[in-house]
Amino acid sequence: QAVHIARVQPWRANVHLKTVLSDDRIVGKLVVRRMVDERRRFGFRPMVAINGDMATRGRIDAYAAPRSMAVSNRELLVAFQCVKPILGVDADGTARIANVRSHITLTLPGESEPRRVERLNTHRDDDAVVLFTERFATSTRTRPGGVEVILRLEGRVKANGTQTVRVMRVLPGAGNTRIPGGMAVLSVNDPEDAWVYDLVQGQYLTLQTQVVRRVDKSCGGKVKAADGWDRIVEAQGGNRRTVKDGVVKVPSREQYPPGWERHPRTAIGVTAEGEVLMVVLDGRRRGSRGVTLGEMGYLMVSLGAEQAFNLDGGGSSVMARFDKRTRKFVVANKPSDGRQRPATQAFAAFQVQPAP
C-alpha cells in the first residue's frame, strides 16, 4: 500500500493550520494543490495539504458545499443540522476532535424564544430554513418559490457569536437572490415557517451561533454547548469516525456499506500529544488497492491517533506538499483518476516565517 503521512505540531509559533475554500467561495472548484498554493505569500508558505469533506461531484450549485461544519479564521463557512466528526483548532494550536455542529438561531423583536436556522451556505431543497452569506456565492442559487429575506450583518458570521441584523428586503416568491457584500439572505420554501414570511423591512433580529454537542439522538433535538469549542479559529469536518479514544470505531456494514469496500481514503487525526495527522492512502491501482474504513482506523491508531475521522475519498483523495528540492508545492500521491479531481475545500498546514 502507498501511504502518505504528515505530522503537524500546531502549537508551534511558525505553524498555521487552515481550512481553505476554492476561490474563497463555497460554490467553486479548483484542484487542491492550486487552491492552497494560491494562498502563498511572503512569510506564509504552504507545507502540506489534503482534500476536505465530501461534496456532490460535478455540481457547481448549492450541493457543491461540504457536508459538515467548516470554520476559517473564526468565520463560520458551512453548517448542517446534524453533528459530524469535526477537527477544531484554537489560536494557541490546541487541536481536538468531537462530534459537534453549529447551532444557529434568530430571535425576533419582542420574543424570548429563538427560531432555528437549520443550515448555513448549502441547499434548501428540503424546505429547511437556510442562511446564505457572501461566502457561499454571488447569489443563493435557489429555485423561485417561498421567500428570501435580505439581512444586513454587523460583521462576518462567526462560529460562536451574537450580532444584531436588520431586515433590508422581503422577497416573496424569489429565487437565486443576489448576496451583496455585508449582507446575508434568509431563505425558505415551506409555508409552515410562517415567521420568515412575516418578517418586515426595517426589523432588527438577533443572530446567534454556537458550537454544540447533541444531548439526544435526533438532529433537531436538545443540544448543549460543546466544552472548549468556543475558542476555535479553524474547523475541518468529515463524514465518518474511524477512531474514538484510541479505539477503532467505524459503522457496521449495514449502517454504511461503502465503508467495507477498499478505496483510496483520506483521514485526519489527533494524537495524545496534540499532533495533527494528515494521511492519504492510494488505491484502485497496482501496488495500492486501498483500504476499508476499519483498516484506515487501524492505520490511524498505529500512527498514534486518539481521535480520527474520514474525509472525502476515492478519486478525491490527494496530498500536496512543499518539495524542498524544487521549492514548489507538488502533488505527493497518485490520485486514482490519474489526475487531481477539482474540489471545493482543502485542509492545509502553512509555515509562517518572521518578517525580515
Side-chain angles (χ1 to χ4, degrees), residues 21-28 55-56 59-67 69-70 75-81 101-159 161-210 219-220 344:
L21 292 180
S22 181
D23 290 331
D24 284 330
R25 295 286 177 93
I26 300 298
V27 178
T56 305
R59 300 291 287 262
I60 55 171
D61 56 9
Y63 282 92
R67 300 179 188 178
M69 187 176 78
E75 182 182 355
L76 185 61
L77 306 176
V78 183
F80 271 71
Q81 67 265 50
R101 69 170 175 84
S102 182
H103 188 63
I104 307 172
T105 60
L106 279 167
T107 304
L108 279 62
E111 295 189 4
S112 58
E113 190 67 26
R115 309 298 183 116
R116 185 177 170 196
V117 177
E118 277 82 2
R119 292 193 294 271
L120 175 77
N121 287 339
T122 185
H123 69 93
R124 87 142 207 187
D125 289 357
D126 60 357
D127 299 332
V129 179
V130 180
L131 185 68
F132 294 95
T133 71
E134 58 183 313
R135 282 296 189 197
F136 175 72
T138 56
S139 65
T140 62
R141 304 204 176 187
T142 53
R143 299 174 182 173
V147 62
E148 299 204 311
V149 181
I150 301 177
L151 305 173
R152 179 180 294 279
L153 302 175
E154 288 181 342
R156 299 285 189 185
V157 177
K158 296 183 178 180
T162 302
Q163 64 173 286
T164 299
V165 300
R166 185 182 183 188
V167 177
M168 304 304 294
R169 292 185 67 189
V170 180
L171 305 171
N176 198 29
T177 299
R178 183 173 171 270
I179 310 173
M183 303 284 188
V185 176
L186 188 67
S187 180
V188 69
N189 194 25
D190 188 353
E192 292 187 7
D193 288 300
W195 67 274
V196 182
Y197 288 76
D198 293 341
L199 291 175
V200 178
Q201 182 175 334
Q203 279 183 316
Y204 287 91
L205 317 175
T206 301
L207 173 65
Q208 185 172 31
T209 55
Q210 184 180 38
C219 283
T344 295

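Both backbone and side-chain heavy atoms feed into the values below; hydrogens, waters and symmetry mates do not. Numbers here simply count residues along the sequence, with the first being 1.
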Electrostatic pair E134:R156 at N-O distance under 4.0 angstrom |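 Result for this pair is yes, salt bridge flagged.
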Taking 4.0 angstrom as the limit, do E75 and R135 come out as a salt bridge?
->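 Answer for the salt bridge query: yes.
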Taking it one step at a time, do E148 and V188 satisfy side-chain contact (heavy atoms from CB on, under 4.5 Å)?
-> CA-CA 7 Å; E148 299 204 311; V188 69; over 6 Å; no
Give the C-alpha distance, both sets of side-chain angles, the deciding distance and a yes or no for side-chain contact (heavy atoms from CB on, under 4.5 Å) between T138 and I179.
-> CA-CA 6 Å; T138 56; I179 310 173; over 6 Å; no
Quick one, [X] and [Y] - any side-chain contact, counting heavy atoms below 4.5 Å?
{"X": "Q201", "Y": "R166", "result": "no"}
{"X": "V117", "Y": "L186", "result": "yes"}
{"X": "Y197", "Y": "P172", "result": "no"}
{"X": "L108", "Y": "L199", "result": "yes"}
{"X": "M69", "Y": "L76", "result": "yes"}
{"X": "T206", "Y": "T162", "result": "yes"}

Where is the tightest heavy-atom contact between [X] and [Y], given as atom of each residue plus distance?
{"X": "L153", "Y": "M183", "result": "CD1-O, 3.9 Å"}
{"X": "P66", "Y": "I26", "result": "CD-CG2, 4.2 Å"}
{"X": "N189", "Y": "G145", "result": "OD1-C, 3.3 Å"}

Start with the C-alpha distance between S187 and R124, add both sets of side-chain angles, then the distance that settles side chain to side chain donor-acceptor pair (under 3.5 Å), and finish with yes or no.
-> CA-CA 8 Å; S187 180; R124 87 142 207 187; 2.9 Å; yes
Would you say [X]'s side chain and [Y]'s backbone share a donor-acceptor pair under 3.5 angstrom?
{"X": "T209", "Y": "K158", "result": "yes"}
{"X": "N121", "Y": "L77", "result": "yes"}
{"X": "D190", "Y": "E192", "result": "yes"}
{"X": "T105", "Y": "P114", "result": "no"}
{"X": "S102", "Y": "A79", "result": "no"}

Considering residues, nucleotides and ligands other than R116, do more than 12 of their heavy atoms fall under 6.0 Å from its CZ?
->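 Yes - once you tally the heavy atoms of other residues, nucleotides and ligands closer than 6.0 Å, there are more than 12.
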Give the C-alpha distance, both sets of side-chain angles, the deciding distance and a yes or no for side-chain contact (heavy atoms from CB on, under 4.5 Å) between V129 and W195.
-> CA-CA 11 Å; V129 179; W195 67 274; 4.2 Å; yes
Decide yes or no on side-chain contact (heavy atoms from CB on, under 4.5 Å) for V157 and L207, but give the supporting numbers first.
-> CA-CA 9 Å; V157 177; L207 173 65; 4.1 Å; yes
